[in-house]
Novice: 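Below is the structure I would like to discuss, written out as structure tokens.
Positions are given from 1, in the same order as the sequence printed here. Ligands are counted one by one from 1 in listed order, and the atoms in each one are counted from 1 as well.
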Amino acid sequence: MANPSLLILAGDGIGPEVMAEVKKIIDWMRARRGVTFDVTEDLVGGCAYDKHGVPLHDDTMAKAQEVDAVLLGAVGGPKYDSLDFSVKPERGLLRLRKEMDLFSNLRPAQCFDALADFSSLKKEVVAGLDIVIVRELTSGVYFGEPRGIFVEGNERVGINTQRYTESEIARVARSAFELARKRGNKVCSMEKANVMESGILWRDVVQEIHDKEYPDVQLSHMYADAGAMQLTRWPKQFDVIVTDNLFGDLLSDLAAMLTGSLGMLPSASLGAPMANGRPKALYEPVHGSAPDIAGTGKANPIACILSFAMALRYSFDMGEDAARVEAAVEKVLADGLRTADLMGPEGGTPVSTTQMGDAIVAALDAGL
Ligand code: NAD
């Protein structure tokens, strides 16, 4: 059987620094677990612009369509701020998401016990939290027509349109149910069916897909505003939350921040299944290129490492190895290792990006 294939696009700023630590884990997987990834590396963002005059070369786009999964670091930086909108580094990332048709955005909110004090909520509310928000990413009010600012009478009117087709709802619902089956088998769907027709359709379609295809998964429905309240009151009641583009934008940021630092947050964006049955997939940390700390060795590589763990679980069916990586992260944190972003008010000596990566690899070894 062919090796699993991975396209690495480290990007700009701290992207290459955090990705270097992921490569150590890829090497560890080959040496200690007998799993060899066919890794290709290429450019995205500002570094691609520097070389090709565009933030994503067509050849790179073609490679992204062929591999089992894409792993991205981060793009952007002050050097590129004055570029024309059409060639800004972020356009490279947007092109990948659009052309791969990545409609399902998975944002886990997982709280490692050692970091529970970092949350703005009480420790007992967040310790051990492990939920995923599935956000519809390619439709809804950010894309619906008509949109624009128009003049009506003697004033301007701003218009955006919330629009969802049944098939758009059905595919993201399936993605959430599939995910739930690999986790706690529970989905809560959130919309505003009390005031929006698109919400009524959303609720109907999610229920239909559930009843026909996933009756074994526990399904509940909640209005999105009540969902926001419940997420801050008692987030551990949830397993998988599925919601639309706009509500997902807000709720996934809210949920992610329950757990503390930006340097800890992974994400996955999934599309339709490919010929091999695996979904098209892009994995990336939630954070950006952090130009303020790039080159200083202060970047926390854990978000990128956990993004790779998501790739192991969702693209490669290596859930056991994903759990090993997550356990290794948990162990180094429990041992008290902290990059600068994780230093509490009590202070201490932070470890560097490479020291954190090395410690995670050592913990993987110790866990075998
Ligand atoms: P940012 O996420 O890069 O940084 C915000 C703050 O968090 C900074 O103080 C940074 O030092 C810190 N931080 C971020 N990641 C960290 C990590 N792994 N370890 C330790 N500290 C970390 O957001 P920003 O400063 O608003 O944007 C910087 C650049 O990144 C901009 O060009 C922006 O457009 C781009 N950006 C890219 C992405 C992406 O590639 N997906 C996402 C957001 C922003």
Novice: Of the listed options (G76, P301, G288, P291), which comes nearest to atom 28 (C) of ligand 1 when hydrogens are ignored and any heavy atom counts?
Specialist: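 Nearest option to atom 28 (C) of ligand 1, by heavy atoms: P291.
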Novice: Is there a side-chain contact between K280 and L102, using heavy atoms and a 4.5 Å cut-off?
Specialist: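 A side-chain contact under 4.5 Å exists here.
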Novice: Is it true that N185 and D239 share a donor-acceptor pair across their side chains at a distance under 3.5 Å?
Specialist: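 No donor-acceptor contact under 3.5 Å links the two side chains.
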Novice: Looking at G263, which atoms of ligand 1 are within less than 4.0 Å of one of its heavy atoms?
Specialist: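 Every atom of ligand 1 under 4.0 Å from some heavy atom of G263: 17 (C), 18 (N).
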Novice: More than 12 foreign heavy atoms under 6.0 Å from CD of E155: is that the case here?
Specialist: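 Count not over threshold, so no.
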Novice: Any idea how W202 and Y164 line up, ring-wise: parallel (<30°), tilted (30 to 60°), or perpendicular (>60°)?
Specialist: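 The rings of W202 and Y164 stand perpendicular, inter-plane angle above 60°.
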Novice: Kindly confirm or rule out a cation-pi arrangement of R171 over F103, judged by NZ or CZ under 6.0 Å from the six-membered ring centre and within 45° of its axis?
Specialist: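 R171 over F103 ring: yes.
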Novice: Can you tell me which residue and heavy atom of the protein come closest to atom 5 (C) of ligand 1, and the distance to 0.1 Å?
Specialist: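 Looking only at protein heavy atoms, the one closest to atom 5 (C) of ligand 1 is L262 CD2, 3.9 Å.
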Novice: Which label fits F177 and Y214: parallel for a plane angle under 30°, tilted from 30 to 60°, or perpendicular past 60°?
Specialist: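 Parallel.
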Novice: Purely on distance, is any nitrogen or oxygen of D81 under 3.5 Å from one on ligand 1?
Specialist: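 Checking ligand 1 against D81, no N or O pair falls under 3.5 Å apart.
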Novice: Compare all side-chain heavy atoms of M29 with those of D27 and state whether any distance is below 4.5 angstrom.
Specialist: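 They are not in side-chain contact.
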Novice: What are the atoms of ligand 1, with element, lying closer than 4.0 Å to any heavy atom of E284?
Specialist: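 Taking each heavy atom of E284 in turn, ligand 1 has 41 (N) under 4.0 Å.
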Novice: For atom 8 (C) of ligand 1, what's the nearest protein heavy atom and its distance?
Specialist: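 Nearest protein contact, heavy atoms only, for atom 8 (C) of ligand 1 is D292 OD2, 3.4 Å.
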Novice: Check each atom of ligand 1 against the heavy atoms of A299 and keep those under 4.0 Å away; list them by number with element.
Specialist: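 Counting from 1, the qualifying ligand atoms are 19 (N).
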Novice: My question is simple, although I want it checked carefully: is atom 3 (O) of ligand 1 less than 4.0 angstrom from any protein heavy atom?
Specialist: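 Yes, there is a protein heavy atom closer to it than 4.0 Å.
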Novice: Please classify the L93 to ligand 1 contact at 4.0 Å (heavy-atom distances, strictly less than): side chain, backbone, both or neither.
Specialist: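 Side chain only; the backbone of L93 stays clear of ligand 1.
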Novice: Among protein heavy atoms, which lies nearest atom 16 (C) of ligand 1, and at what distance?
Specialist: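 Atom 16 (C) of ligand 1 sits closest to the protein heavy atom I14 CD1, 3.9 Å.
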Novice: For R181, does the CZ atom sit with more than 12 other heavy atoms under 6.0 Å from it, leaving out its own atoms?
Specialist: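 Yes, the 6.0 Å shell around CZ holds more than 12 heavy atoms from other groups.
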Novice: Under the side-chain contact (heavy atoms from CB on, under 4.5 Å) test against E21, which residue among I302, I305, N300, I360 passes?
Specialist: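 When I302, I305, N300, I360 are each tested with E21, the side-chain contact (heavy atoms from CB on, under 4.5 Å) holds only for I305.
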Novice: Which residue from L94, V75, L72, D341 reaches closest to atom 35 (C) of ligand 1 through any of its heavy atoms?
Specialist: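 When every heavy atom of L94, V75, L72, D341 is considered, V75 comes closest to atom 35 (C) of ligand 1.
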Novice: Counting only heavy atoms not in K236, do more than 12 fall under 6.0 Å of its NZ?
Specialist: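 It does: K236 NZ has more than 12 such atoms within range.
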Novice: So D38 and L6, do their side chains get closer than 4.5 Å, heavy atoms only?
Specialist: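 No. Closest side-chain heavy atoms not under 4.5 Å.
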Novice: So is A303 in contact with ligand 1, going by heavy-atom distances below 4.0 Å?
Specialist: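 In this structure, A303 fails to qualify as a contact of ligand 1 - no heavy atom is under 4.0 Å.
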Novice: Under 4.0 Å from atom 26 (O) of ligand 1, is there at least one protein heavy atom?
Specialist: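 So atom 26 (O) of ligand 1 lacks protein heavy-atom neighbours under 4.0 Å.
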Novice: List every atom of ligand 1 that sits less than 4.0 Å from any heavy atom of G77, numbering the atoms from 1 in the order shown and giving each element.
Specialist: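 With G77 as reference, the close atoms of ligand 1 come out as 32 (O).
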Novice: Consider ligand 1: state whether an atom of it lies below 4.0 angstrom from any non-hydrogen atom of V18.
Specialist: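 Heavy atoms of V18 never come under 4.0 Å of ligand 1.
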Novice: To which of K88, E17, M356, E90 does the heavy atom nearest atom 31 (C) of ligand 1 belong?
Specialist: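 Selected option, by shortest heavy-atom distance: E90.
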Novice: Starting from atom 14 (C) of ligand 1, what is the nearest protein heavy atom, named by residue and atom, and what distance separates them?
Specialist: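 I find the closest protein heavy atom is H287 CB, 3.7 Å.
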Novice: Kindly indicate whether the side chain of I209, heavy atoms from C-beta on, has any atom under 4.5 Å from the side chain of R174.
Specialist: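 Yes, at least one pair of side-chain atoms sits under 4.5 Å.
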Novice: Which ligand 1 atoms, with their elements, are less than 4.0 angstrom from a heavy-atom of A74?
Specialist: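 Those atoms are 40 (O).
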Novice: Side chain, backbone, both or neither: which part of N300 comes within less than 4.0 Å of ligand 1 when only heavy atoms are counted?
Specialist: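 Both the backbone and the side chain of N300 come within reach of ligand 1.
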